[in-house]
Novice: 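One structure, pasted below without further comment.
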Amino acid sequence: MADLEFTSREHEGMYRLLVLLNSSLQFIVKRLEELAANKILDPKYLKELSALTQKVQTTLDETIKRKR
């Protein structure tokens with residue numbers, strides 16, 4: 001990820017958006033787990049979606065930590 005320069009106000013706004021996106025991804029992972037438990041979709045597909053979601057979440061977490 002590029003190292004961008006932000007004003008303090010922009011930094012606060014970006015941080016808020018990253019936190020919101022991160023919590024949304026946590027919600028998605030929980031819903032995927034519910035779908036898997038109810039056998040609504042193919043387990044392999046759900047596993048792939050969950051892994052991708054968690055990868056994005058990890059990237060966001062690392063970005064937030066670097067920007068603090």
Novice: State the CG-NZ distance between Leu41 and Lys47, to the nearest 0.5 angstrom.
Specialist: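 These two atoms lie 16.0 Å from each other.
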
Novice: Output all residues satisfying side chain to side chain donor-acceptor pair (under 3.5 Å) with Gln54, sequence neighbours left out; order by chain, then residue number.
Specialist: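 Not a single residue meets the side chain to side chain donor-acceptor pair (under 3.5 Å) criterion with Gln54.
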
Novice: Ignoring hydrogens and geometry, is there a side-chain-to-backbone donor-acceptor pair from Thr59 to Lys55 under 3.5 Å?
Specialist: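 Yes, Thr59 side chain to Lys55 backbone: donor-acceptor pair under 3.5 Å.
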
Novice: For residues 27-37, please give each side-chain donor-acceptor pair under 3.5 Å, one per line with the distance, not counting sequence neighbours.
Specialist:
residue : atom : partner : partner atom : Å
Arg31   : NE   : Glu34   : OE1          : 3.3
Arg31   : NE   : Glu34   : OE2          : 3.3
Arg31   : NH2  : Glu34   : OE2          : 2.7

Novice: Look up atom CG in Leu21 and atom CD in Gln26, then write down how far apart they are to the nearest 0.5 Å.
Specialist: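 These two atoms lie 10.5 Å from each other.
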
Novice: Decide whether Ile40 and Leu46 are clustered together by the hydrophobic rule: side chain heavy atoms of Ile, Leu, Val, Met, Phe, Trp, Tyr closer than 4.5 Å, transitively.
Specialist: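 Cluster IDs for Ile40 and Leu46 match.
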
Novice: Could you give the distance from CE (Met14) to CZ (Arg16), rounded to the nearest 0.5 Å?
Specialist: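 Rounded to the nearest 0.5 Å, the CE-CZ separation comes to 11.0 Å.
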
Novice: Pick from Leu52, Thr53, Thr58: which one makes a side chain to side chain contact (heavy atoms under 4.5 Å, CB included) with Leu25?
Specialist: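 Exactly one pass, corresponding to Thr53.
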
